[in-house]
Chemist: 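The following block contains the structure, expressed as structure tokens.
Per chain, numbering begins at 1; letters A, B, ... match sequence-line order. Everything numeric here is computed off the predicted structure, so don't read it as measured data.
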Amino acid sequence: MQLKLLHRISDYEWLLPKHDKMNVDVYIVGSKKIIEEMDDNVYNQVKNVASLPGIIDKVALLPDAHSGYGFPIGCVAAFDKEDGIVSIGGVGFDINCGVRLITTNLIYQDIEKKVESIIKAFYKKIPAGVGANGKINLTKKELKDVIEKGAEWVIKERGMGKIEELDYIEEGGCVSGADFSALTEEALAREKNQLGTLGSGNHYLELQVVEEVFDIERARVFGLFKNQVVATLHCGSRGLGHQTGVDFMNIFAKAIHKYKISIKDKELIYVPATSPEGRRYFAAVQAASNFAFANRQVISYLVSEVLNDVIKDVDTNTMYDIGHNTLKIETHKVGNAKLPLLVHRKGSTRNFAGKSQVVPKPYQFTGQPVIVGGSMGTASYVLCGKEESMEKTFGTTIHGAGRTMSRHKARESLSYEELERDLLKRGVFLKTKSREGALEESPIAYKDIEEVVNTVIKSNLSQRVARLRPLGVLKG
DNA sequence: ATGTCC
């Protein structure tokens with residue numbers, strides 16, 4: 001993206017003022033380098049998003065942003081609850097794709113020589129890769145319960161996890177407004193034993209060590225300490241969520257004729273939020289979101305089982321679990337008004353500070369944790385929201401480093417053997433279902449996580465709590 | 001991201 005098109009606010013904040021058909025400005029977070037290296041298509045995409053009807057206040061673009069379907073990945077846009085719209089590209093096809101951080105009572109020395117065997121045991125126990133199926137076979141009635149109850153169903157009905165864990169999942173592991181009947185038959189049919197499966201692409205399960213603690217107080221409340229072994233898992237709503245996106249593209253395509261909406265970019269198709277199709281999409285997104293929460297709950301339980309198989313008496317806890325492809329109704333301060341908004345977070349994470357109804361009770365005085373995923377060889381971060389982000393980005397921050405190289409280019413840039421060697425040099429053991437897939441996710445294909453994190457710190461959106469160094473990774 | 005083309 002060209003810097004000369006933007007107005008500088010600070011070294012880390014920029015503004016693309018509204019012009020042409022834009023209804024609002026675009027607020028951009030990034031260092032000079034990050035913005036200059038950002039795909040030009042991101043510029044076109046945020047301009048298009050800013051031109052959507054009923055958009056409120058601004059579009060916020062985060063430093064991990066890159067080109068996506070319709071909306072960039074790494075942005076947040078909010079629409080008036082009544083006069084606004086809902087967009088499929090604004091959520092993403094992997095609905096409620098998210099991350100969970102699992103803490104343990106182990107220190108690095110406990111597992112130093114067992115990393116390989118732990119990752120291999122993960123590989124055996126946790127289905128990963130395209131089309132992977134798990135052991136949980138749901139009847140239609142059970143699937144309906146999963147959709148309506150989210151992670152709670154997994155804990156109560158299958159005994160996979162502790163009931164207290166629900167307090168440490170975004171929205172208690174179950175968003176409201178989920179309607180089973182909003183999902184299509186095709187989406188339901190895709191759920192063929194996919195509960196408790198990791199998936200492919202950038203999804204992973206990583207064994208990590210807490211390398212550095214930046215905020216001792218918050219780390220203590222989050223249950224983190226230096227040299228501690230933790231696991232981070234990144235996955236979403238699998239085929240069910242994806243099919244929901246695909247099917248609503250068709251439902252929306254019919255609806256725009258009815259509402260006489262003309263679309264200039266088919267990837268940016270939308271319907272009025274209050275239309276039957278819009279309401280149904282909202283309910284379907286919440287439904288798929290609950291499936292994703294349940295999915296991560298199952299995998300999280302399998303992680304604790306594996307750790308207890310390989311090493312005895314391991315105590316695991318969920319530090320937090322949060323999505324980064326979401327659609328929510330939230331009240332935000334806009335100017336002097338407080339407005340209920342339809343917040344689309346696409347590859348971006350809710351980052352609420354301090355006391356808030358949606359911050360879990362144990363974290364009321366710290367603010368809500370954010371888990372920023374690394375890219376195989378690189379560090380992950382635990383961050384925490386700051387008050388300023390409420391006004392600047394609707395309480396939103398980054399979700400990862402963000403791609404800087406296309407999947408295709410990444411595959412051509414190195415061989416699998418080179419990747420494996422590079423990772424071993426970094427002290428990371430890799431096990432994957434797909435060598436091609438792993439190449440696409442090579443660390444060289446991603447931005448520098450340190451620089452991306454530094455940007456949200458310098459712009460006062462988030463604060464650092466801890467940095468996690470990868471030891472081993474299972475990829476789909 | 002995705003039973004990466006029923």
Chemist: What integer distance in Å separates A:Asn325:CG from B:dT2:C1'?
Modeler: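 A:Asn325 atom CG is separated from B:dT2 atom C1' by 13 Å.
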Chemist: Report the distance from atom NZ of A:Lys433 to atom P of B:dT2, rounded to the nearest whole Å.
Modeler: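 From A:Lys433 NZ to B:dT2 P: 15 Å.
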Chemist: Could I get the full list of salt bridge (Lys or Arg N to Asp or Glu O under 4.0 Å) partners for A:Glu420, not counting sequence neighbours?
Modeler: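 With sequence neighbours excluded, A:Glu420 shows a salt bridge (Lys or Arg N to Asp or Glu O under 4.0 Å) to no residue whatsoever.
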Chemist: If you look at every strand shown and take non-hydrogen atoms under 4.0 Å, does A:Glu191 touch a base, only sugar-phosphate, or nothing?
Modeler: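 Result for A:Glu191 = nothing.
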Chemist: For A:Glu441 and B:dT4, give me the distance from atom CD to atom P, rounded to whole Å.
Modeler: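 My rounded result for the distance is 17 Å.
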Chemist: What is the separation between atom CE on A:Met249 and atom C1' on B:dT2, rounded to the nearest whole Å?
Modeler: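 These atoms are roughly 14 Å apart.
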Chemist: Take the protein atom CZ of A:Arg411 and the nucleotide atom P of B:dT4, then report the distance between them rounded to whole Å.
Modeler: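 Checked: the CZ to P distance equals 14 Å.
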Chemist: Answer yes or no: is there a donor N or O on one side and an acceptor on the other, between the side chain of A:Ser462 and the main chain of A:Val456, under 3.5 Å?
Modeler: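 Judged by distance alone, no pair lies under 3.5 Å.
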Chemist: Looking at DNA chain B, which of residues 399-407 of chain A put a heavy atom within less than 4.0 Å of it?
Modeler: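 Close to the strand are A:Arg407.
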Chemist: For the pair made of CD1 in A:Ile88 and P in B:dT2, what is the distance, rounded to whole Å?
Modeler: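 Taking atom P of B:dT2 as the reference, CD1 of A:Ile88 is at 18 Å.
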Chemist: Who pairs with A:Glu116 by salt bridge (Lys or Arg N to Asp or Glu O under 4.0 Å), at least two apart in sequence or on another chain?
Modeler: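 Scan of A:Glu116 (salt bridge (Lys or Arg N to Asp or Glu O under 4.0 Å), adjacent residues dropped) gives A:Lys120.
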Chemist: Can you pull out every salt bridge (Lys or Arg N to Asp or Glu O under 4.0 Å) where at least one residue sits in residues 244-258 of chain A? Sequence neighbours excluded, please.
Modeler: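 Residue pairs with at least one partner in residues 244-258 of chain A: A:Lys258-A:Glu277.
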Chemist: Thinking salt bridges, do A:Arg296 and A:Glu170 make one under a 4.0 Å N-O criterion?
Modeler: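 No, no charged N to carboxylate O under 4.0 Å.
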Chemist: Under 4.0 Å from OP1 or OP2 of B:dT4: is there any side-chain N or O of A:Ser200 that close?
Modeler: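 No, outside the criterion.
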Chemist: Which residues in residues 236-248 of chain A have a heavy atom closer than 4.0 Å to any atom of DNA chain B?
Modeler: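 Of all residues in residues 236-248 of chain A, the ones placing a heavy atom under 4.0 Å from DNA chain B are A:Arg238, A:Gly239, A:His242.
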Chemist: How many Å lie between CD on A:Glu186 and P on B:dC5, as a whole number?
Modeler: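 In whole Å, B:dC5 P and A:Glu186 CD are 18 Å from each other.
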Chemist: Do any pairs count as a salt bridge (Lys or Arg N to Asp or Glu O under 4.0 Å) and have a residue in residues 233-243 of chain A, sequence neighbours left out, and if so which ones?
Modeler: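 The answer is none; no pair qualifies.
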Chemist: Can you check whether A:His234 and A:His324 have ring centres sitting under 6.0 Å from each other?
Modeler: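 Yes - the distance between ring centres of A:His234 and A:His324 falls below the 6.0 Å cut-off.
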Chemist: Report yes if the distance between the aromatic ring centroids of A:Phe252 and A:Tyr281 is under 6.0 Å, otherwise no.
Modeler: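 Close enough - the centres of the two rings lie under 6.0 Å apart.
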Chemist: Would you confirm whether A:Asn325, through its side chain, and A:Asp94, through its main-chain N or O, come within 3.5 Å as a donor-acceptor pair?
Modeler: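 Checked: pair present.
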